[in-house]
K.L.:
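Before anything else, here's the structure in question.
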Amino acid sequence: MSSSSPLSFTVSHRGTLHALSLLPENTLAVLQARLEELTQVPASLQKLLHKGKNLLGSDPDTWYQTTLAQAGFKNGLKIHMMGPTSQELTTMQSMENEQRKRERILRERALKPQVKLRSTGTSDTSLLNHRFHQLKPLEYLPNPASALAILTKLSEDPAIQHIMQIHKFSVGVLTELAPHEHPELLGLNVNAGQAIKLRIRTDRYDGFRLYREVRRVLCHELTHNVWGDHDNNFKELNSKLNREVAEFERAAANGTHYLSEVEDTYQPSSELEAEAHSYILGGMDSSGVALDESREERRRRVLEATMARLHKEDEELEKSCGTGSAKT
């Protein structure tokens, strides 16, 4: 092919196909500028994936020297582009500023002299130490602001904060796993809490996984702060964390909402509410005898059934955890 013959290829970004035609001697920087015009994704945050490889490479200094031909571009090539738009970056930076503001307030409170009062609450100093110290979405993936919002929700989840204070857990960075980079993993704990990585996105990057499922994986990875392998010690602590989360939410509901299938925090469905009320108001067993099961007895029974289900889910989670015996 002569250098004057253009290369025709397509770049997909969030479901939109962009047909491009550029000369083989055009540099990667020329292509990036064109893509920035089409998608509003800054050149520095673009990733062009083909068969799992980033065609742009990892060194920005080469973008102005490397030609499309040298980078392996050919006619008919189908490329998947990833990266946040400028507007998404602005939104995410605003959310990060709010997060830093909250952290600054906590630090200032911790440094102030405290009047000694008899209290059963959690101190600001404890909250400052036993928490996720940094939230870090992957900026090159779609909608990083939404990813940050999910990481923030996890870090501020009252039940998660509860178990972190009880067990004095501290995590340096809470971040995410890219499905295309780690398709076999749902979670990873690096160096016993230096970082926890969670797979919060769907495989096709068209949305996010259910919050309840992600939170279950988070409990699993927090257990790796203490135990590395999936041995009996690990399973015992992991079960304890799940039980404490369930019991915390049951207590927080204060007798109004009933624990069933551990829905997202404080959001049980109306169907579950109706089922719970049918037990409390009275029913009949198979022989026609009235059921006088107390509210507390039913809660305990539902909790036990829930924990049995969670135990089975834990066994499945172990297969998708990157920590275990292959320590990172």
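As the structure is a prediction and not an experimental result, all values here were calculated from the model.
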K.L.:
Looking at residues at least two apart in the chain, or sitting in another chain, which of them share a ring-ring contact (aromatic ring centres under 6.0 Å, His included) with F73?
P.N.:
F9
K.L.:
Can you confirm whether P137 sits close enough to L151 that some side-chain heavy atom of one is under 4.5 Å from a side-chain heavy atom of the other?
P.N.:
yes
K.L.:
Please list, chain by chain and in numerical order, all residues satisfying side chain to side chain donor-acceptor pair (under 3.5 Å) with T62, sequence neighbours excluded.
P.N.:
none
K.L.:
Do the non-hydrogen side-chain atoms of V245 and I163 ever get within less than 4.5 Å of each other?
P.N.:
yes
K.L.:
Could you list the residues that satisfy side chain to side chain donor-acceptor pair (under 3.5 Å) with H13, not counting sequence neighbours?
P.N.:
none
K.L.:
Please, which pairs that meet ring-ring contact (aromatic ring centres under 6.0 Å, His included) have at least one residue in residues 142-169, sequence neighbours excluded?
P.N.:
H162-F248, H167-F169
K.L.:
Counting only pairs under 3.5 Å, give me each side-chain donor-acceptor contact of residues 34-42, with atom names and distances, residues two or more places apart or in other chains.
P.N.:
residue, atom, partner, partner atom, Å
R34, NH1, E37, OE1, 3.1
E36, OE1, A43, N, 3.4
T39, OG1, L35, O, 2.7
T39, OG1, V41, N, 3.3
Q40, NE2, E37, O, 3.3

K.L.:
Only pairs at least two apart or in different chains count here, so list each side chain to side chain donor-acceptor pair (under 3.5 Å) that has a residue in residues 76-85.
P.N.:
S12-H80
K.L.:
According to the side chain to side chain donor-acceptor pair (under 3.5 Å) rule, which pairs have a member within residues 45-56, sequence neighbours left out?
P.N.:
none
K.L.:
Tell me, which pairs form a salt bridge (Lys or Arg N to Asp or Glu O under 4.0 Å) where one or both residues lie in residues 134-152, sequence neighbours left out?
P.N.:
none
K.L.:
Evaluate the side-chain proximity of N225 to S170: yes if any heavy-atom separation is below 4.5 Å, no if none is.
P.N.:
no
K.L.:
Run the side-chain hydrogen bond (donor to acceptor under 3.5 Å, both in side chains) check on H18 and T10 step by step: do they pass?
P.N.:
CA-CA 5 Å; H18 302 282; T10 58; over 6 Å; no
K.L.:
Can you list everything that forms a side chain to side chain donor-acceptor pair (under 3.5 Å) with Q134? Sequence neighbours excluded, please.
P.N.:
none
K.L.:
Within the 4.5 Å heavy-atom criterion, are T27 and W63 side-chain neighbours or not?
P.N.:
no
K.L.:
Do any side-chain atoms of residues 201-209 form donor-acceptor pairs under 3.5 angstrom with protein atoms, and if so which ones, sequence neighbours left out?
P.N.:
residue, atom, partner, partner atom, Å
R201, NE, E176, OE1, 2.7
R201, NH1, P142, O, 2.5
R201, NH2, P142, O, 2.9
R201, NH2, E176, OE2, 3.3
T202, OG1, D206, N, 3.3
T202, OG1, D206, OD1, 2.5
T202, OG1, G207, N, 3.3
T202, OG1, G207, O, 3.4
D203, OD1, R199, NH2, 2.2
Y205, OH, H180, N, 3.1
Y205, OH, H180, ND1, 2.5
R209, NH1, R199, O, 2.9

K.L.:
Would you say N26's side chain and V30's backbone share a donor-acceptor pair under 3.5 angstrom?
P.N.:
no
K.L.:
Can a salt bridge be assigned to the pair E249 and R243 using a cut-off of 4.0 Å between side-chain N and carboxylate O?
P.N.:
no
K.L.:
Can you pull out every salt bridge (Lys or Arg N to Asp or Glu O under 4.0 Å) where at least one residue sits in residues 62-76? Sequence neighbours excluded, please.
P.N.:
none
K.L.:
Residues two or more places apart in sequence or in another chain: which of them pass side chain to side chain donor-acceptor pair (under 3.5 Å) with E236?
P.N.:
none
K.L.:
Answer yes or no: is there a donor N or O on one side and an acceptor on the other, between the side chain of D231 and the main chain of F234, under 3.5 Å?
P.N.:
yes
K.L.:
Counting C-beta onward and ignoring hydrogens, is there a side-chain heavy-atom pair between V171 and L222 closer than 4.5 Å?
P.N.:
yes
K.L.:
Would you say the side-chain atoms of S155 pair up with the backbone N or O of T152, donor to acceptor, closer than 3.5 Å?
P.N.:
yes
